[in-house]
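Quick note on labels: first sequence line is chain A, next is B, and so on, each numbered from 1.
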Number of protein chains: 4
Amino acid sequence: MTEHRSGPVRSAVAREAILSATATLLVDEGWDHLTIEGIARAAGVGKQTIYRWWSSKGALVAECLLDGRFFAVEPVVGDTGDLRRDLRDWLTPVLHFLNTPTGRSLLHSLVAAATEEAGVGAHLSEAFGADRLLADRLRAAVAARELPPGTPVDQLGHAVFGALIFEVLSKDEIDVAAFLDLVEFLLGPRTALFAPAAPPAPA
Amino acid sequence: MTEHRSGPVRSAVAREAILSATATLLVDEGWDHLTIEGIARAAGVGKQTIYRWWSSKGALVAECLLDGRFFAVEPVVGDTGDLRRDLRDWLTPVLHFLNTPTGRSLLHSLVAAATEEAGVGAHLSEAFGADRLLADRLRAAVAARELPPGTPVDQLGHAVFGALIFEVLSKDEIDVAAFLDLVEFLLGPRTALFAPAAPPAPA
Amino acid sequence: MTEHRSGPVRSAVAREAILSATATLLVDEGWDHLTIEGIARAAGVGKQTIYRWWSSKGALVAECLLDGRFFAVEPVVGDTGDLRRDLRDWLTPVLHFLNTPTGRSLLHSLVAAATEEAGVGAHLSEAFGADRLLADRLRAAVAARELPPGTPVDQLGHAVFGALIFEVLSKDEIDVAAFLDLVEFLLGPRTALFAPAAPPAPA
Amino acid sequence: MTEHRSGPVRSAVAREAILSATATLLVDEGWDHLTIEGIARAAGVGKQTIYRWWSSKGALVAECLLDGRFFAVEPVVGDTGDLRRDLRDWLTPVLHFLNTPTGRSLLHSLVAAATEEAGVGAHLSEAFGADRLLADRLRAAVAARELPPGTPVDQLGHAVFGALIFEVLSKDEIDVAAFLDLVEFLLGPRTALFAPAAPPAPA
DNA sequence: GGCTAACCGAGACGGTACGTCGGGTCTTTAC
DNA sequence: GTAAAGACCCGACGTACCGTCTCGGTTAGCC
């Protein structure tokens, strides 16, 4: 039973123009300064067309996020068998990007958007790859016994990302080396391979 | 030799009224909806008096934060000798507060403010006590060899706080138990006391 | 071939409310005290709607003037064949009106408006009827040879009106009798009818 | 019994600086744009010093007017025995001055001031010399029987000045020749010398 | 020589209004 | 029925001045 109605259908052209304008303006101008009128103007679209399909500028940003319009994230974290090294290799360029004005401002904007729109927060870490990419690598590390069984991989990924957010919010510049060290600490002591099942038995 | 200037002096009454109104309105209405006009109205003050002394609403919030106008933080984390237990005891009420509408909204507001005003971000963790209180307890734990020497206590505190922020931004409700487990994991495996000087040297 | 534009059209309701509020407020409060915000408030209209169509409060007053919103001027100056008497009959109530607080203040306001907005000055005398009404009667007088041929009727009307303005600006109260006498003098000596063509040629 | 009190006396320096600044600013910026704060700033004076001695900016302008700070009026209207020619000679440069931007704007400003401050209106014509100078010349003309006895000389002078004001308010530029013609008409027909006592007896 | 008062500059204060921007809704015309 | 254009009411922006009020400092003139 397909739903059908008369009249023209949602304009894909308009949708694309709107989301594209949103992403561009957010990056260029920041969350404050991002306005519906500005988006409509840049997209060559009526305001009503935006309001018809999205409830707020937060919703627009959330959809941009889902569409991956902000980062072209490296789709994988390498797996050389050395978890700590892999994470360093993956994190280092991310941290450097976040030390550029663009990177800082983009993260600021996305965090600001997240405070107003639940949908942005819910997908923020995914957009950075911290969700799937990082967690997957951690899961592999557990399987490979580089991390103890029972490690809360998803949460650990979020903690790393949370630390990153806080670092950006609270300092003028991320101390890359210190941050990498912190991540290393959070993973716990580098030990001999964990026994398959038994919990770590202190001597 | 102090610098002299004749003429009237800054009104302490106005300052207090403005900061107090700012704190109240931020808690009650949230960061968006917080307006200079609203603050002026609530404080019974001219707008110019605000602009004369603060450059933005972000600066106002930052000063409120420094004045500790948002939380009456428990001034200590207990020290029973059991770090994990002490942290649980300290964190639990904080987490529950952040699960109330007021708590959630306040953290959202402060994070939003931090994205616009560096000063807010710089003092956010202090306001929550995550800086001094938490780090001090961690330092004591290092001294008591509950944590390995060389633990980056300050950063660890920030990581915990960052994880907390991210949890609030990305979920509708904090899973208190899971978060406490995460913190426990971040502290590393519960081990016998660390040797005084030598770091654990895995083979 | 009219120029087309899609979209909504100027609201006649808003226009009427704005001009009506302007006229009322100008009469009641005076030129200073007349504010765009006050007009918008009284008209139940957004400020932007005013700024969209008028450039200043002067322009608003000018339009009110053109619409004849300040005076319901007696549409004719009587013509009994006696110019001086007709002018007295027409001027007397005007002068008395200008001796009331309302009349004085209205003329003050219009003159003040004229100093800021050329359009007000250009139509001031019309609004008082000094332009068409008075000049027409003078023209008739020239035709009837009550005034010499070549009398600059338009300018004479303006001079009478100018004298009136100056009287109101410079004195607390118009001396009605003296003003009427002045007008009589300005018309020149009451003479026998002027010869049709030849100007009076004194020896 | 003189009233006396201790303490310093009104500062002549401040008075001069304030009036001078007022005159300069009025000429340069116009009545609107003339502000107490601006005057205080330009005069290097506290606002209170202005408010202590004058009740409004209108009062300041009135005092400037009395001090003759706006025009250096030709102190006499010539008397060649030919009234019409003398008036032309005196009026022509005045009219040309009022056709300059400065002149126009100054008259506009003074008229605007007059609408707010009775004192300005009361002395406006004096400042232009229309009062004493013009009326004196007219009086002399009556004495010389160039004008009929009983001519309301003061009022006639005001009428000329009023016509001038209206001309400036209502047109972009004064038509000098037409204005001079008007004045000539207002003086009445050029006749043989009036008989000393008898009213003009038409043939 | 001190005291007292009024003067002065400076400028903070509670306000009102400015002219602009953007929000979200509604209306009109065109496709 | 969707879309562009944009007018509408509204609320906030940050600024300019208002007129009042403290300040600290500086003169008079009288005890």
Student: Ignoring hydrogens and angles, state whether a donor on the side chain of Ser56(D) or Glu116(D) is under 3.5 Å from an acceptor on the partner side chain.
Tutor: no
Student: Using every non-hydrogen atom in the two residues, find where Trp54(A) and Arg15(A) come nearest and quote the distance to one decimal.
Tutor: CH2-CG, 3.8 Å
Student: Send over the distance from Ile39(D) CD1 to dA16(F) C1', rounded to a whole Å.
Tutor: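 These atoms are roughly 15 Å apart.
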Student: Counting side-chain heavy atoms from C-beta on, which of dG14(E), dA3(F), dA4(F) comes nearest to Arg52(A)?
Tutor: dA3(F)
Student: Less than 4.0 Å between a side-chain N and a carboxylate O, is that true for Glu16(D) and Arg69(D)?
Tutor: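 Salt bridge flag = yes for Glu16(D) with Arg69(D).
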Student: Should Thr49(C) be listed as having a side-chain N or O under 4.0 Å from OP1 or OP2 of dC9(F)?
Tutor: yes
Student: Would you kindly give the CD-to-C1' distance between Glu116(C) and dC18(E), to the nearest whole Å?
Tutor: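 Answer to the nearest Å: 13 Å.
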Student: How close or far is atom C1' of dC8(F) from atom CH2 of Trp54(C), stated in whole angstroms?
Tutor: 13 Å
Student: Closest-nucleotide mapping onto DNA chain F: is Ala12(C) or Gly44(A) further toward the 5' terminus? I mean the 5' end.
Tutor: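 Looking at the nearest nucleotide for each, Gly44(A) comes out on the 5' side.
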Student: Quick one: Leu60(D) CG to dG19(F) C1', roughly how many Å, whole number?
Tutor: 14 Å
Student: Please give, in whole Å, the distance from dA3(F) P to Arg15(A) CZ?
Tutor: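 Distance check: Arg15(A) CZ to dA3(F) P gives 13 Å.
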Student: What integer distance in Å separates Glu29(D):CD from dC17(F):P?
Tutor: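 Going from CD in Glu29(D) over to P in dC17(F) covers 10 Å.
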Student: For Ser11(C), which residues count as a side chain to side chain contact (heavy atoms under 4.5 Å, CB included) partner, sequence neighbours excluded?
Tutor: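 Applying side chain to side chain contact (heavy atoms under 4.5 Å, CB included) to Ser11(C) gives Val13(C), Ala14(C).
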Student: Got Thr115(B) and Asp32(A) here, is their nearest side-chain heavy-atom distance under 4.5 Å?
Tutor: no
Student: Find the distance Asp32(B):CG to dA12(F):C1' and express it as a whole number of Å.
Tutor: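 One finds 13 Å between C1' of dA12(F) and CG of Asp32(B), rounded.
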Student: Just how far is it from atom CD of Glu37(D) to atom CD1 of Ile50(D), taken to the nearest 0.5 Å?
Tutor: 9.5 Å
Student: Can you give one letter per nucleotide of nucleotides 20-27 of chain E, going 5' to 3': B for a protein heavy atom under 4.0 Å from the base, S for sugar-phosphate only, - for none?
Tutor: BBSBBBBB
Student: Could you pull out the closest heavy-atom pair between Val120(B) and Leu110(B), with the gap in Å?
Tutor: CG1-O, 3.5 Å
Student: Using atom CZ of Arg10(B) as one end and atom C1' of dT22(F) as the other, report the distance to the nearest whole Å.
Tutor: 17 Å
Student: Measuring to OP1 and OP2 of dG11(E), would you say a side-chain N or O of Trp53(B) lies under 4.0 angstrom away?
Tutor: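 Checking Trp53(B) against dG11(E): no side-chain N or O falls below 4.0 Å of OP1 or OP2.
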